[in-house]
Structure formats: C-alpha cells, structure tokens
Amino acid sequence: MPYYIDAEELSLDDLQKRIEETDLVPSRSSLLEDIDGAFSKLKAHGFVTLADLRKVLKNSKNIPALSKEVGVDAAYLTLLRREVESYFPKAHSVGAFDWFQTDDLAKLESRGLRNTALLYDALTTSEKREKAAIALGVDAGVIDSIYALADLTRIQWVSPMTARMLVSAGYKDAKAVSNANPERLCNDLDRVNKEHNYFKGTIGLRDVRRLVKAASYLS
C-alpha cells in the first residue's frame, strides 16, 4: 500500500460514509447537515471518485464557481475541502526524527529519501530495507525503526513525535493502531508520556478513538 490512500479507488459514496462514521471535530460537524443532499448534487454534477472531487477542491479559488455550478453552499465546500485534505497528511522531513544520529539521517537524505512519503514508498519490504542499510552504511535496526515511524505518520494527525510515542507504546505500524483497543491505547500512550515527558497534559480518549478510526482506512 502506498503512503497515501488511493483517491481514485474511493467513490463519493465511500467519502460520504467516511465522513458519517468520523467523530468530526466541532468546526467540521456541519458537514453532516444535509450530507445526502450535498453529495447527491456533487454526484449529479459528474464527480465519481474522491480524486475527481479533490482535483477541483484542492485549489480554494475554485470553490465559489463550483458552488454556483452544483448548488452547494461555498462554506460547506470549504469545510469539505479541509476534511478531504486532512486525509492526505503532509510528508514530514527526515530531519524531524532528530533523536536519531544526524549522520544516519543525512545518509538517507543523500539518497533522495528526504521525507516520510519517499521513505515509506522506497522501503516497503524487508529486502529493500536490508539493501538500503548495506548501501548506506546505516544499521539495519535504524532503517527498520525509521520506516516504522514513516508508516505511522501516514495516519491522519500523527506527527513524528506521536509516531515515536506509538512505537514506544508497542504500536509499530498503522495496522497495529487500527486493531488497537482505544482505551488500552490511550492508557499505553499516557504511560509512555509520563515515562518520557514528551509533552505536558494528558491523552484524550476521544482523540485516541479518532486515531484508531483514521488508521483503519490505511490497513
């Protein structure tokens, strides 16, 4: 599976279902208001897949014209754009994993593996990771660890630091997160945070439930 979800494979019905199943953040909860009507208009206009819709919505300047053409409020389309784009998290620089040796990170960058998307797509198999470790002169365990972190950053909302916490808690890929019991994962993350003091505050169960659900779309 590639770093990002395949927007060509997801229909507008799939998108609607995902939105309806998601515990939306308050600022996007209005997406549920007459969602059937909005999506019916979008489909009637010729949008078939998520890729079709994203191509137009990605540029916010297209929204006013699209609103007039399909008869869906521009404010609704703006929120829909934000929700859709959140499914494609920005790839993180390799340098964000700054707890690894600087020399090792520089070696990855020298081979063009500059961010998490490039890393993930290039190191998808154990054989590829073994060859990369030999070619770069980087410990195989380091390569495996960085690959695991790249995998986890595919999940909506997961930053490099969150990925580090997930690995420390024993969740080493997106599939493990998708299969996790939210209450247990929440406790595991809270324990890891208290042990290592990654950030101040506590882990919210509602956010962890969102995390598990987001991971389920990748595995």
Side-chain angles (χ1 to χ4, degrees), residues 1 3-7 10-39 50 53-54 57-58 60 72-73 75-92 96-97 99 116-117 120 148-219:
M1 178 177 288
Y3 189 81
Y4 295 109
I5 59 173
D6 188 348
L10 293 173
S11 68
L12 252 62
D13 287 335
D14 294 327
L15 173 60
Q16 180 177 344
K17 182 179 179 182
R18 175 166 179 170
I19 292 172
E20 290 173 336
E21 291 179 346
T22 298
D23 178 13
L24 297 168
V25 295
S27 61
R28 295 182 196 163
S29 61
S30 59
L31 284 172
L32 297 174
E33 296 175 8
D34 193 26
I35 190 170
D36 287 332
F39 272 74
L50 174 56
L53 180 62
R54 188 179 182 225
L57 286 182
K58 194 168 185 180
S60 59
V72 176
D73 188 75
Y76 187 94
L77 292 174
T78 298
L79 288 181
L80 183 58
R81 173 183 177 274
R82 292 172 186 166
E83 181 66 16
V84 165
E85 287 306 306
S86 73
Y87 302 160
F88 301 86
K90 184 178 179 180
H92 299 276
F97 301 125
W99 54 94
T116 48
Y120 180 82
L149 292 163
D151 183 0
L152 288 163
T153 61
R154 295 189 302 132
I155 306 172
Q156 190 179 9
W157 304 303
V158 172
S159 67
M161 184 57 67
T162 304
R164 185 182 187 184
M165 291 177 64
L166 286 165
V167 169
S168 296
Y171 302 84
K172 297 186 177 181
D173 53 36
K175 185 175 182 180
V177 176
S178 72
N179 291 331
N181 175 280
E183 288 79 7
R184 180 175 178 179
L185 175 54
C186 187
N187 290 334
D188 288 340
L189 288 173
D190 190 53
R191 170 181 52 78
V192 165
N193 190 40
K194 287 177 180 176
E195 290 174 357
H196 300 280
N197 195 30
Y198 288 119
F199 69 93
K200 295 180 180 180
T202 58
I203 310 294
L205 178 57
R206 188 173 184 180
D207 287 337
V208 172
R209 286 185 174 133
R210 287 174 173 144
L211 191 68
V212 171
K213 187 66 178 176
S216 72
Y217 295 107
L218 298 173
S219 57

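Listed here is the closest heavy atom pair of Trp157 and Ala214: CZ3-CB, 4.0 Å.
In this structure, the side-chain contact (heavy atoms from CB on, under 4.5 Å) partners of Ala150, at least two apart in sequence or on a different chain, are Thr116, Leu119, Tyr120. Evaluation of the side-chain hydrogen bond (donor to acceptor under 3.5 Å, both in side chains) rule for Thr78 yields no partner, not counting sequence neighbours. Under the side-chain hydrogen bond (donor to acceptor under 3.5 Å, both in side chains) criterion, Asp207 pairs with Arg210, not counting sequence neighbours. Scored by the salt bridge (Lys or Arg N to Asp or Glu O under 4.0 Å) test, Lys213 finds Glu21 as partners (sequence neighbours excluded). With sequence neighbours excluded, the residues that form a side-chain contact (heavy atoms from CB on, under 4.5 Å) with Tyr198 are Met161, Arg164, Met165, Ser168, Val192, Asn193, His196. Legend: residues meeting salt bridge (Lys or Arg N to Asp or Glu O under 4.0 Å) with Asp190, ordered by chain and number and at least two apart, are Lys194. Applying the side-chain hydrogen bond (donor to acceptor under 3.5 Å, both in side chains) criterion to Arg18, with sequence neighbours excluded, gives Gln156. Among residues two or more places apart in sequence or in another chain, the side-chain contact (heavy atoms from CB on, under 4.5 Å) test is passed with Leu10 by Ile5, Asp14, Leu50. For Asn181, the side-chain contact (heavy atoms from CB on, under 4.5 Å) partners two or more places apart in sequence, or in a different chain, are Glu183, Arg184. Here Asp73 pairs with nothing under the side-chain hydrogen bond (donor to acceptor under 3.5 Å, both in side chains) rule; sequence neighbours left out.
Although no hydrogens or angles enter the test, the distance criterion places a donor-acceptor pair under 3.5 Å between the side chain of Arg81 and the main chain of Leu57.
Each ring pair (Phe, Tyr, Trp, His ring centres under 6.0 Å) pair with one or both residues in residues 171-193, not counting sequence neighbours, would appear here, but there are none. Note on residues 29-38: no pairs pass salt bridge (Lys or Arg N to Asp or Glu O under 4.0 Å), not counting sequence neighbours.
Here the NZ atom belonging to Lys175 is positioned 11.5 Å from the CG atom belonging to Asp151, to the nearest 0.5 angstrom. Here the straight-line distance linking atom CD of Glu83 with atom OG of Ser27 works out to 9.0 Å at 0.5 Å rounding.
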